[in-house]
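All values below were derived from every heavy atom in this structure, side-chain atoms included, with hydrogens, water molecules and symmetry-related copies excluded. Values in this document were obtained by computation on a predicted structure and should not be read as measured data. Sequence positions, counted from 1, serve as the residue numbers for this chain.
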Amino acid sequence: MRLAMYDRILAGILLVLSGLIVWSALQFDVPFQYEPLGPKAFPIILSILLSIVSVWLIIKPDANNWHPTADIMKKLFAGLVLMVVYAALFKGAGFILATFIVGGAFSWLFGETPKRAALFALVMSVISYFLLTSLLQLNVPSGTWWAGVF
């Protein structure tokens, strides 16, 4: 029973997080006909999926003997800090630059060489930008810092 404790703790945290995401998404005040689905739909859909997975993990946790080490806890905390940095950079730096910086840092944090991490982050940020803007037709910030440049 003790082995499943970490799974249940994580699942509980994720369940609370999914509720906060839905609450936050419902606070969006958007004009009618903003986008086909609107900015509320994606966070709500992802939160529903996260809730389902969290409840499943609470009911039936994995029976393993894994427990977080100090090194893993440091990486998880660094990942949390990186997500806060991403949120802070997103509007000002724009999607591509913010995703490049944070994606490269995540790749490097979890074991990739700096050169390969930067290459991966560059490819991922540019391709995902064009997929989001062209294929899904979402409004993705290009960055207020670059407003007069481009």
Side-chain angles (χ1 to χ4, degrees), residues 6-7 9-58 60-62 64 66 68-150:
Y6 292 112
D7 287 349
I9 291 171
L10 175 65
I13 292 169
L14 292 176
L15 194 58
V16 170
L17 179 64
S18 68
L20 290 173
I21 292 170
V22 168
W23 176 79
S24 178
L26 292 175
Q27 303 303 312
F28 291 159
D29 185 29
V30 294
F32 184 70
Q33 300 268 340
Y34 182 78
E35 288 176 352
L37 290 177
K40 292 182 181 186
F42 290 110
I44 291 172
I45 292 168
L46 291 176
S47 294
I48 290 169
L49 293 174
L50 182 60
S51 297
I52 292 168
V53 170
S54 298
V55 168
W56 178 260
L57 197 53
I58 288 171
K60 190 173 170 117
D62 190 19
N64 61 27
W66 178 86
T69 62
D71 187 48
I72 289 174
M73 293 304 288
K74 287 177 189 173
K75 287 183 179 183
L76 289 173
F77 181 73
L80 180 63
V81 170
L82 282 172
M83 294 310 296
V84 171
V85 168
Y86 186 67
L89 288 175
F90 193 68
K91 188 174 181 183
F95 178 86
I96 293 176
L97 183 58
T99 304
F100 170 74
I101 291 169
V102 173
F106 260 114
S107 297
W108 178 66
L109 178 67
F110 286 97
E112 198 56 72
T113 63
K115 190 177 192 179
R116 287 181 54 137
L119 180 63
F120 166 75
L122 178 65
V123 170
M124 178 191 68
S125 61
V126 171
I127 289 174
S128 60
Y129 176 81
F130 287 109
L131 286 175
L132 289 170
T133 57
S134 299
L135 188 64
L136 296 175
Q137 297 180 349
L138 296 174
N139 294 327
V140 180
S142 56
T144 57
W145 297 345
W146 322 114
V149 179
F150 297 109

Can you sort out the partners of Ser51 under side chain to side chain contact (heavy atoms under 4.5 Å, CB included), two or more places apart, ordered by chain and number?
->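 Testing Ser51 for side chain to side chain contact (heavy atoms under 4.5 Å, CB included), a comparison that skips the adjacent residues, returns Leu15, Ser18.
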For residues 123-134, which side-chain N or O atoms pair as donor and acceptor with protein atoms under 3.5 Å away, sequence neighbours left out?
{"unit_1": "Ser125", "atom_1": "OG", "unit_2": "Ala121", "atom_2": "O", "d": "2.9"}
{"unit_1": "Ser125", "atom_1": "OG", "unit_2": "Leu122", "atom_2": "O", "d": "3.0"}
{"unit_1": "Ser128", "atom_1": "OG", "unit_2": "Met124", "atom_2": "O", "d": "2.6"}
{"unit_1": "Ser128", "atom_1": "OG", "unit_2": "Ser125", "atom_2": "O", "d": "3.2"}
{"unit_1": "Thr133", "atom_1": "OG1", "unit_2": "Tyr129", "atom_2": "O", "d": "2.9"}
{"unit_1": "Ser134", "atom_1": "OG", "unit_2": "Phe130", "atom_2": "O", "d": "3.2"}

Pairs of donor and acceptor atoms involving the side chains of residues 20-28, under 3.5 Å and at least two apart or interchain, shall be tabulated with distances.
{"unit_1": "Gln27", "atom_1": "NE2", "unit_2": "Trp23", "atom_2": "O", "d": "3.4"}

Closest non-hydrogen atom pair, Ile58 against Gly12 =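 Looks like CD1-N, 4.2 Å.
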Is there any salt bridge (charged side-chain N to carboxylate O under 4.0 Å, His left out) pair reaching into residues 117-132, and which pairs are they, with sequence neighbours excluded?
-> none
Pairs in or reaching into residues 12-26: which pass salt bridge (charged side-chain N to carboxylate O under 4.0 Å, His left out), with residues at least two apart or in two chains?
-> none
Could you state the interatomic distance from CD1 (Ile13) to OG (Ser54), rounded to the nearest 0.5 Å?
->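 Answer for the CD1-OG pair, Ile13 versus Ser54, is 10.0 Å.
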List the steps and the verdict of side chain to side chain contact (heavy atoms under 4.5 Å, CB included) for Ile72 and Thr69.
-> CA-CA 5 Å; Ile72 289 174; Thr69 62; 3.5 Å; yes
Partner of Ile48 by side-chain contact (heavy atoms from CB on, under 4.5 Å), out of Leu50, Ile52, Ile45 | Ile52
Side-chain donor/acceptor pairs under 3.5 Å, residues 97-112, sequence neighbours excluded:
{"unit_1": "Thr99", "atom_1": "OG1", "unit_2": "Tyr86", "atom_2": "OH", "d": "2.8"}
{"unit_1": "Thr99", "atom_1": "OG1", "unit_2": "Phe95", "atom_2": "O", "d": "2.7"}
{"unit_1": "Ser107", "atom_1": "OG", "unit_2": "Gly103", "atom_2": "O", "d": "3.0"}
{"unit_1": "Glu112", "atom_1": "OE2", "unit_2": "Arg116", "atom_2": "NE", "d": "2.9"}

